[in-house]
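So you know, we letter chains A, B, ... as the sequences are listed, proteins then strands, and number each from 1. These numbers were taken from a predicted model, which means no experiment stands behind them.
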2 protein chains.
Amino acid sequence: MTARTTSAKTLGARTLGEGARDIPEATVARLPVYLRALTSLAEAGTRTCSSEDLAAAAGVNSAKLRKDLSYLGSYGTRGVGYDVDYLRYQIAREIGVTQDWPVVIVGIGNLGHALANYSGFRSRGFRVVALLDADPERHDEVVAGVDVRPFDDLEQIVADQGVAIGVIATPALAAQDVADRMVACGITSILNFAPSVLSVPEGVDVRKVDLSIELQILAYHEQRKAQTA
Amino acid sequence: MTARTTSAKTLGARTLGEGARDIPEATVARLPVYLRALTSLAEAGTRTCSSEDLAAAAGVNSAKLRKDLSYLGSYGTRGVGYDVDYLRYQIAREIGVTQDWPVVIVGIGNLGHALANYSGFRSRGFRVVALLDADPERHDEVVAGVDVRPFDDLEQIVADQGVAIGVIATPALAAQDVADRMVACGITSILNFAPSVLSVPEGVDVRKVDLSIELQILAYHEQRKAQTA
DNA sequence: CTCGTTTTGTTCTCGCGTTCACAAACTCCT
DNA sequence: AGGAGTTTGTGAACGCGAGAACAAAACGAG
Ligand SMILES: NC(=O)c1ccc[n+]([C@@H]2O[C@H](COP(=O)([O-])OP(=O)(O)OC[C@H]3O[C@@H](n4cnc5c(N)ncnc54)[C@H](O)[C@@H]3O)[C@@H](O)[C@H]2O)c1
Ligand SMILES: NC(=O)c1ccc[n+]([C@@H]2O[C@H](COP(=O)([O-])OP(=O)(O)OC[C@H]3O[C@@H](n4cnc5c(N)ncnc54)[C@H](O)[C@@H]3O)[C@@H](O)[C@H]2O)c1
């Protein structure tokens with residue numbers, strides 16, 4: 001789904017030390033879920049939990065959970081379980097959310113406004129450093145404490161703040177252009193909400209969130225249910 | 001990822017006729033992408049396309065595309081390719097977007113507003129029939145031509161309009177309650193934007209869209225890139 | 001110290017999905 | 001009509017991920 005060639009990396013990484021573990025993509029996608037479940041448990045005052053407990057909170061199979069965690073190392077204690085805070089820190093460190101990631105959002109329309117106002121960003125290590133839009137009428141509006149600036153400020157902001165992650169919330173037609181500009185000035189991870197296929201050079205990760213695809217998948221199953229009934 | 005037990009269905013379906021084809025989940029998830037690519041091609045005036053062309057437009061491998069399409073039937077012509085309009089109709093029919101699906105959205109905050117204003121719904125066979133919110137201050141506001149109504153109107157609306165698909169855009173804490181109410185009054189497909197694990201009975205499909213998980217996956221890969229560099 | 005209990009970490013097996021490769025089928029040109 | 005060139009549809013090989021099952025490790029009781 002991404003432009004990334006994870007397979008080629010298996011041999012390329014350094015064999016020295018232990019910074020070269022290769023975590024399966026399916027596991028990476030579940031680690032944030034575990035992180036959220038652990039945070040819930042911690043807030044509820046739980047100090048320790050078994051793989052069964054955590055799996056239930058995360059909505060997965062406990063065998064799968066243990067296998068996933070085993071890729072990170074042995075952070076549990078047999079016969080006891082996992083220390084909630086300790087495991088939480090280890091997962092957070094592995095994902096990289098112990099540090100702060102500056103993020104720019106491009107396209108401050110309906111969706112861009114909602115994203116800018118979303119509190120789930122900051123609480124998970126992401127900091128919205130800029131809101132950019134091509135339409136001059138949007139400029140100087142302040143959304144969630146950040147003011148909307150011209151799209152042409154992109155290069156300056158990315159360079160100044162060391163931005164690596166960009167979010168695209170423009171119409172589909174503009175998305176490829178925006179992505180090209182982002183890539184050109186050094187952004188290497190893109191989250192795309194526009195319904196368009198982006199082409200980016202190797203080494204740049206793209207993930208897309210496509211609402212209408214999700215609805216169509218639901219519709220397909222709904223139709224099947226109606227047929228058999 | 002969903003609560004659906006597709007595996008158990010393989011035998012249960014009727015063997016008579018041809019309405020019982022079992023399309024792999026991975027393929028179902030790509031059909032909407034092909035549909036969109038075909039629409040683009042049609043709008044550009046293309047009447048016919050090869051699997052290479054369509055695969056490029058959809059951002060996938062052409063072998064995968066052909067195999068996906070083969071689950072629907074043989075709608076291409078060897079040596080020629082696919083008729084764009086004909087294939088488009090066949091995929092649309094298979095997914096179920098030739099009919100109109102009424103949808104309710106619950107939780108008309110930042111995200112709910114954006115969703116209600118999203119034009120990509122109607123253009124793909126989804127019709128927003130109601131916007132519901134528990135907060136009385138939101139009521140009677142009109143968003144995109146639909147007025148916001150009390151959450152307690154849910155049962156009435158679902159019954160009157162035959163709604164099968166519900167969208168949850170409330171805070172995480174309310175999501176499970178909303179889902180329970182939806183299920184109780186007959187909704188069998190849920191699209192959940194709240195960052196919480198929903199538990200629903202068998203036969204109900206849940207798909208979740210979780211923005212911060214997507215960002216964390218990007219962050220993970222970003223961190224890896226930084227390490228090896 | 002030993003035994004039983006609990007729970008992790010890992011091995012093994014199975015099924016699904018991806019990709020390659022090619023025969024079958026169609027068009028067009030001579 | 002026949003052969004060359006295209007492009008589909010699918011059989012087969014392969015790799016990854018899910019889940020079951022179990023051995024290894026920790027803990028507590030006696
Ligand atoms: N609204 C939703 O709920 C929703 C849901 C899913 C997907 N989407 C997609 O997200 C995208 C945005 O949706 P929206 O409803 O916010 O649209 P919108 O029209 O409200 O906002 C788009 C914004 O992008 C800006 N823009 C246009 N071209 C630009 C460019 N080249 N550079 C920078 N900014 C540019 C516009 O000025 C506008 O402010 C669309 O592609 C849409 O399909 C929206
Ligand atoms: N804003 C975003 O971009 C964004 C992105 C990803 C995920 N989310 C998630 O989507 C959800 C909504 O986000 P938001 O920013 O729109 O929040 P919000 O607070 O702006 O809106 C939530 C709305 O839900 C209503 N509500 C609360 N409890 C309800 C109930 N029991 N029944 C019906 N309605 C109820 C509230 O009155 C409010 O209008 C949250 O779970 C959030 O984590 C938001």
Side-chain angles (χ1 to χ4, degrees), chain A residues 1-11 21-31 33-34 38 41 46-84 86-87 90-91 217, chain B residues 1-11 21-31 33-34 38 41 46-84 86-87 90-91 217:
Chain A
M1 188 163 285
T2 73
R4 209 138 188 286
T5 58
T6 27
S7 53
K9 273 239 173 131
T10 315
L11 259 183
R21 272 185 295 264
D22 204 34
I23 300 182
E25 197 56 35
T27 297
V28 172
R30 282 188 295 265
L31 290 180
V33 180
Y34 303 155
L38 284 167
L41 288 174
T46 313
R47 316 287 302 168
T48 293
C49 69
S50 70
S51 63
E52 285 293 345
D53 299 338
L54 184 52
V60 301
N61 185 294
S62 73
K64 182 153 45 178
L65 171 77
R66 288 199 300 276
K67 179 174 265 199
D68 284 341
L69 294 185
S70 77
Y71 291 114
L72 311 189
S74 286
Y75 295 135
T77 309
R78 299 179 189 215
V80 178
Y82 301 93
D83 182 284
V84 172
Y86 181 60
L87 183 58
Q90 292 299 340
I91 294 179
I217 294 172
Chain B
M1 190 162 284
T2 73
R4 207 135 189 291
T5 57
T6 28
S7 52
K9 272 240 176 130
T10 315
L11 260 183
R21 272 185 296 263
D22 205 34
I23 299 182
E25 197 55 35
T27 297
V28 171
R30 282 187 295 265
L31 290 179
V33 181
Y34 303 154
L38 283 167
L41 289 174
T46 312
R47 316 285 303 167
T48 293
C49 70
S50 70
S51 63
E52 286 293 346
D53 298 339
L54 184 51
V60 302
N61 184 296
S62 72
K64 180 151 46 179
L65 171 78
R66 287 199 300 278
K67 175 149 277 198
D68 283 342
L69 294 185
S70 78
Y71 291 112
L72 311 189
S74 286
Y75 296 134
T77 309
R78 300 180 189 212
V80 178
Y82 301 93
D83 182 284
V84 172
Y86 182 58
L87 183 58
Q90 292 299 340
I91 294 179
I217 294 171

Starting at CG of Leu65(A) and ending at P of dT7(C), how long is that distance when rounded to a whole Å?
14 Å
Salt bridge (Lys or Arg N to Asp or Glu O under 4.0 Å) pairs, two or more places apart, involving residues 50-64 of chain B
none
Shortest non-hydrogen contact from Cys49(A) toward Leu38(A)
SG-CD2, 4.5 Å
Take Thr77(A) and Thr48(A) through the test side chain to side chain contact (heavy atoms under 4.5 Å, CB included) and record every step on the way to the result.
CA-CA 10 Å; Thr77(A) 309; Thr48(A) 293; over 6 Å; no
Rounded distance in Å - CG (Leu72(A)) to C1' (dT8(C))
14 Å
Could you give the NZ-to-P distance, from Lys64(B) to dG17(C), as a whole number of Å?
11 Å
Under 3.5 Å, which protein N or O atoms sit close to an N or O of nucleotides 20-28 of chain D? Give each pair with its distance.
residue, atom, partner, partner atom, Å
dA24(D), N3, Arg78(A), NH1, 2.8

What distance do Gln90(B) atom CD and Asp83(B) atom CG have between them, rounded to the nearest 0.5 Å?
10.5 Å
Under the rule for side chain to side chain contact (heavy atoms under 4.5 Å, CB included), what residues qualify as partners of Ser51(A), not counting sequence neighbours?
Ser62(A), Leu65(A), Arg66(A), Tyr82(A)
For a quick test of reading the model: is some side-chain N or O of Tyr82(B) closer than 4.0 Å to OP1 or OP2 of dG9(D)?
yes
What parts of residues 47-58 of chain A reach DNA chain C, counting only heavy atoms under 4.0 Å away?
Ser50(A), Ser51(A)
Interatomic spacing from OG1 in Thr27(B) to CD in Glu25(B) - rounded to 0.5 Å
9.0 Å
Base, sugar-phosphate, or nothing for Tyr75(B), non-hydrogen atoms under 4.0 angstrom?
sugar-phosphate
Between N or O atoms, less than 3.5 Å apart, protein on one side and nucleotides 28-30 of chain C on the other: list the pairs.
none

Of all heavy-atom pairs linking Ile91(A) and Leu31(A), the shortest is CG2-O, 3.9 Å
Expressed in angstrom and rounded to an integer, what is the separation of Tyr71(A) atom OH from dC16(D) atom P?
10 Å
Could you walk me through whether Val60(A) and Asp68(A) pass side chain to side chain contact (heavy atoms under 4.5 Å, CB included), step by step?
CA-CA 11 Å; Val60(A) 301; Asp68(A) 284 341; over 6 Å; no
Ile23(A) CD1 - dG17(D) C1' separation (whole Å)
15 Å
Which nucleotide in the list dG9(C), dG9(D), dG17(D) gets nearest to the side chain of Glu25(A)?
dG17(D)
Please, which pairs that meet ring pair (Phe, Tyr, Trp, His ring centres under 6.0 Å) have at least one residue in residues 58-79 of chain B, sequence neighbours excluded?
Tyr75(B)-Tyr86(B)
Applying side chain to side chain contact (heavy atoms under 4.5 Å, CB included) to Ala57(B) and not counting sequence neighbours gives Ala37(B)
Rounded to whole Å, CG of Asp68(A) lies from C1' of dG19(D) at a distance of 12 Å
For the student: nearest non-hydrogen atoms of Val33(A) and Ala58(A), plus distance:
CG1-O, 3.7 Å
